[in-house]
Amino acid sequence: MKISIITSCYNRVKTIRGCIESVLSQDYPDVEYIIVDGASTDGSMDVINEYRDRISKIISEPDHGMYEAINKGLRMATGDVIGLVHSDDFLFTTHTLSDVAAEFERSQADFIYGDGLYVDAVDTSKTVRNWIGGSYSKGKVRLGWLPLHPTCYMRSSFVKEVGFYNEKYKIAADTDFLVRALYEHSPKVAYLKEYIVQLRMGGLSTDSANRRVMWKEDIDIYSSHGFAALPTKLMKMMWKVPQFISAKFK
């Protein structure tokens with residue numbers, strides 16, 4: 001089973017090395033690693049090029065944001081399973097992808113997700129949010145629940161069913177994608193009860209400057225899927241409260 005990992009990057013010279021090394025240090029033998037850079041100007045490509053001989057595919061060209069970059073990666077991916085590791089993030093252990101592959105084999109699922117830790121952008125040993133995925137149901141999706149996007153791994157055949165990320169959304173296209181995948185389709189889903197990824201606070205969706213845009217996009221997404229938009233958005237926010245509380249005891 002080949003696993004394709006896609007990393008989108010734009011001006012992330014401070015974090016891209018850790019992201020790359022977390023993927024290249026995996027003990028799983030069959031990994032296709034794709035990096036899609038948006039024509040970075042801060043030296044990110046200098047770092048990426050240090051690993052060029054160990055990265056399957058690299059492109060660097062202007063784009064209109066992260067989701068266009070991810071879509072480019074999806075078009076290039078040839079793996080049986082596809083996952084994302086964003087340029088600010090890093091896989092939790094060296095055996096994370098082995099565990100993901102084993103769960104696909106065990107469960108025969110189309111879609112697997114797990115848990116994740118949001119950590120301080122500078123001190124990555126400090127947990128800020130402890131995201132425990134919990135069980136899946138379509139009813140929960142309609143109530144604003146979604147798995148943590150970077151913990152989601154999908155068979156490429158299922159990704160083709162769902163389609164690409166909607167690039168009109170600049171921050172919340174992952175919400176639209178996951179609602180389509182988990183509510184409008186009927187995949188076989190498995191919850192891998194372990195940490196998959198650590199995410200630095202300050203990324204696209206956690207940056208306070210973007211939260212107003214994300215609010216508007218979420219409302220539009222929920223409306224487009226026939227949900228009660230405002231109540232669903234408020235419930236989505238409520239699902240996050242336990243993450244901050246449990247982080248204090250982590």
Side-chain angles (χ1 to χ4, degrees), residues 6-12 14-16 19 35-42 44 61-75 82-90 113 116-121 128-129 131 133 141-152 154 159 162-184 196-241 243-244:
I6 299 168
T7 293
S8 61
C9 175
Y10 180 67
N11 287 348
R12 286 294 184 268
K14 293 181 179 179
T15 61
I16 187 63
C19 170
I35 295 183
V36 184
D37 177 76
S40 291
T41 58
D42 69 341
S44 293
E61 60 188 21
D63 57 44
H64 296 94
M66 178 175 71
Y67 297 110
E68 181 183 355
I70 292 172
N71 282 340
K72 289 179 182 179
L74 290 176
R75 292 184 179 98
I82 299 174
L84 308 177
V85 182
H86 297 322
S87 54
D88 287 337
D89 307 338
F90 42 99
Y113 66 96
L117 289 179
Y118 279 96
V119 296
D120 184 84
V128 181
R129 287 170 63 183
W131 189 310
V141 173
R142 196 171 181 94
L143 294 175
W145 175 91
L146 288 172
L148 179 59
H149 184 222
T151 74
C152 298
M154 287 161 273
V159 173
V162 178
F164 293 108
Y165 289 79
N166 189 333
E167 295 172 21
K168 83 171 185 177
Y169 299 118
K170 301 307 177 186
I171 297 175
D174 54 321
T175 296
D176 174 71
F177 182 90
L178 290 175
V179 171
R180 281 189 280 134
L182 295 173
Y183 187 79
E184 296 188 349
I196 303 294
V197 67
Q198 294 189 68
L199 310 92
R200 286 180 175 85
M201 293 294 291
L204 192 63
S205 64
T206 62
D207 187 332
S208 59
N210 290 324
R211 287 176 183 163
R212 182 174 297 180
V213 176
M214 188 174 183
W215 177 280
K216 292 180 179 178
E217 290 189 355
D218 273 350
I219 291 293
D220 182 67
I221 288 165
Y222 287 133
S223 295
S224 72
H225 291 288
F227 294 4
L230 181 57
T232 306
K233 173 62 177 176
L234 293 174
M235 287 186 286
K236 180 183 180 182
M237 296 171 67
M238 292 302 296
W239 284 106
K240 298 177 181 180
V241 172
Q243 301 166 16
F244 290 98

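Since this is a predicted model, take the numbers as computed values, not measurements. Along the sequence shown, the residues carry numbers beginning at 1.
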Looking at [Y], is its backbone amide N or carbonyl O close enough to the side chain of [X] to form a donor-acceptor pair, meaning the two atoms are under 3.5 Å apart?
| X | Y | result |
| --- | --- | --- |
| T7 | V85 | yes |
| R180 | V162 | yes |
| E217 | A172 | yes |
| S44 | R12 | yes |

Exercise. Decide side-chain contact (heavy atoms from CB on, under 4.5 Å) for W215 and L230; before the verdict, give the C-alpha distance in whole Å, the side-chain angles of both, and the deciding distance to 0.1 Å.
Key: CA-CA 10 Å; W215 177 280; L230 181 57; 3.6 Å; yes
Quiz item: Of all residues at least two apart in sequence or in a different chain, which pass the ring-ring contact (aromatic ring centres under 6.0 Å, His included) check with F90?
Solution: none
Quiz item: Who are the ring-ring contact (aromatic ring centres under 6.0 Å, His included) partners of F227, not counting sequence neighbours?
Solution: Y183, Y222
Practice problem: For the pair L74 and V159, evaluate side-chain contact (heavy atoms from CB on, under 4.5 Å) and give the outcome as yes or no after the intermediate values. | Solution: CA-CA 9 Å; L74 290 176; V159 173; 4.2 Å; yes
Quiz item: Does NZ belonging to K240 count more than 12 external heavy atoms closer than 6.0 Å?
Solution: yes
Please name all residues satisfying side-chain hydrogen bond (donor to acceptor under 3.5 Å, both in side chains) with [X], sequence neighbours left out, ordered by chain then number.
| X | value |
| --- | --- |
| K236 | T175, D218 |
| H86 | none |
| Y10 | none |
| N71 | E167 |

[atom2] on [Y] to [atom1] on [X], rounded to 0.5 Å:
| X | Y | atom1 | atom2 | result |
| --- | --- | --- | --- | --- |
| M66 | I171 | CE | CD1 | 9.0 Å |
| L84 | D89 | CG | CG | 10.0 Å |
| K14 | S87 | NZ | OG | 13.5 Å |
| L234 | M237 | CG | CE | 6.5 Å |
| L143 | M235 | CG | CE | 5.0 Å |
| T151 | Y113 | OG1 | OH | 8.5 Å |

Residue pair [X] / [Y], side-chain heavy-atom distance below 4.5 Å:
| X | Y | answer |
| --- | --- | --- |
| T15 | R200 | yes |
| V119 | V128 | no |
| I6 | I82 | yes |
| I196 | P150 | no |
| L146 | V141 | yes |

Quiz item: Do you know which two heavy atoms are closest between W145 and W239, and how far apart they sit?
Solution: N-NE1, 3.3 Å
Mind checking side-chain contact (heavy atoms from CB on, under 4.5 Å) for [X] and listing every partner two or more places apart, or none if nothing turns up?
| X | result |
| --- | --- |
| S223 | I219, A229 |
| K168 | N166, D220 |
| N11 | S40, T41, D42 |

Practice problem: Evaluate the criterion side-chain contact (heavy atoms from CB on, under 4.5 Å) for residue pair E68 and V36; output intermediate values, then yes/no. | Solution: CA-CA 10 Å; E68 181 183 355; V36 184; over 6 Å; no
Quiz item: Looking at residues at least two apart in the chain, or sitting in another chain, which of them share a salt bridge (Lys or Arg N to Asp or Glu O under 4.0 Å) with D120?
Solution: none
Quiz item: Who are the salt bridge (Lys or Arg N to Asp or Glu O under 4.0 Å) partners of R142, not counting sequence neighbours?
Solution: none
Quiz item: Going through the distances and angles, do D63 and K72 end up as a side-chain contact (heavy atoms from CB on, under 4.5 Å)?
Solution: CA-CA 10 Å; D63 57 44; K72 289 179 182 179; 3.8 Å; yes
Self-check item: Among Y67, Y165, F164, ring-ring contact (aromatic ring centres under 6.0 Å, His included) partner for F177
Solution: Y165
